[in-house]
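Notes follow once the structure below has been shown.
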Amino acid sequence: MRPQANNIPSVIQPRSEVDRVLDRGFIWLTRLFALAIAFILLWIAFQVTSSAIPAILAFGPGFLFQSAWNPVTSEYGVWPQVYGTIVSALIALLLAVPIGVGTAILLSENFLPSAIRTVLVFLVELLAAIPSVVYGLWGIFVVIPILRPIGGWLNSTFGWLPIFSTPLTGPGMLPAGIILTIMILPIITAISRDALISLPPDLRQAAVGLGATRWETIFQVLVPSAFSGIVGAVMLALGRAMGETMAVTMLIGNSNNVNLSILAPANTISSLLANQFAEASGLQVSALMYAALILFLLTLLVNILADLVVLRVKKL
């Protein structure tokens, strides 16, 4: 007869009533927190919408497509700001996604020694801790002087293209996009790296066992498997880029004109709110809240599209 091992009970002891109460309490507490988050979101949306109602009744949907913003004559429209918000965010994504995902692959694989990877991960995450006003000052005194001769060359060489049709003389869309790129890099890199390192090791072993090379394993197995996490990182970064205020306000030029050139000054909704809300009154306040509501809906639309993309990929 085989003896039982010491200190190993032969019968699993039932959980005590205290443990069950604690478990039920934790579950209800998390539900309460989740409902509180949803309530706060709806409350914010209600407050912004109710404050924007006078402007909604006065201007209607045409507010989205008008370019004038003149408090003296009570003419308001946010088309230049909407255009600037979308274009600056797209410039940032165009530059940040390949750099961020590439950095995430570098930091999730053993291309570098572990000690160096740890330092690089810390430095990437440290970028997220820098205040946006510091990015704005750095952009004014470092980025714009560097980009000015580059913008002049682009204008003189490719000036026949609409996106380079004006010279870069100071703040503009391109400097703002460059700073936004740096600001959203930590989000894309950190979340994409977490998505890659959380994949089951069986995926890599199976791919290598089938004869895949290292790069084939990365780009044909690991990255597609972590695609939902990478898309989530990109969408969070896009939301940050669309809502960033201080650095963009300092660098974009705050011009209420639509110009196809990325070298020309522009404006965003968040910059408009930061510049005018302190001195606004009457209908102008409602118009600003209407602009804030549009920004709110834009970010909501981006998140819905991201969820649809992720669901479509999962079905493939």
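The first residue of the sequence shown is numbered 1, and numbering continues consecutively from there.
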- Message: Rounded at 0.5 Å granularity, tell me how far CG in Asn254 sits from CD in Gln81.
- Response: 9.5 Å
- Query: So, does Ser108 use its side chain to make a donor-acceptor pair with the main chain of Leu196 at under 3.5 Å?
  - Reply: no
- N/O donor-acceptor pair under 3.5 Å between Ser74 side chain and Asn70 backbone: no
- For Ser51, does its backbone N or O pair with a side-chain atom of Ser286 as donor and acceptor, under 3.5 Å? yes
- Task: Look at the rings of Trp79 and Tyr83 and say which category their plane angle falls in: under 30° parallel, 30 to 60° tilted, over 60° perpendicular.
- Result: tilted
- Query: Do Asn259 and Ser261 have a side chain donor and acceptor closer than 3.5 Å?
  - Reply: no
- Query: Are the side chain of Arg240 and the backbone N or O of Ile184 linked by a donor-acceptor pair below 3.5 Å?
  - Reply: no
- Quick one: does Val78's side chain get under 4.5 Å of Leu272's, heavy atoms only? yes
- Query: How long is the gap from CD1 on Ile144 to CG on Leu174, to the nearest 0.5 Å?
  - Reply: 10.0 Å
- Item | Donor-acceptor pair, side chain of Ser225 and main chain of Val221, under 3.5 angstrom | yes
- Of Val234, Thr181, Leu180, the residue whose pairing with Leu93 passes side chain to side chain contact (heavy atoms under 4.5 Å, CB included): Val234
- Message: So does Ile27 get a backbone contact from the side chain of Thr30, meaning a donor-acceptor N/O pair under 3.5 Å?
- Response: yes
- Query: So, Thr268 side chain and Thr85 main chain: donor-acceptor pair closer than 3.5 Å or not?
  - Reply: no
- Task: Over 60° means perpendicular and under 30° means parallel, so classify the ring planes of Phe158 and Trp153, tilted if in between.
- Result: perpendicular
- Hey, what do you get for CG (Asn303) to OG1 (Thr299), rounding to the nearest 0.5 Å? 6.5 Å
- Query: Any sub-3.5 Å donor-acceptor pair from Ser88's side-chain atoms to Ile86's backbone N or O?
  - Reply: no
- Side-chain contact, heavy-atom cut-off 4.5 Å: Gln284 with Tyr76? yes
- Could you tell me whether the side chain of Asn275 and the main chain of Thr249 form a donor-acceptor pair under 3.5 Å? no
- Item | Short side-chain to backbone donor-acceptor contact, Ser271 and Asn267, under 3.5 Å | no
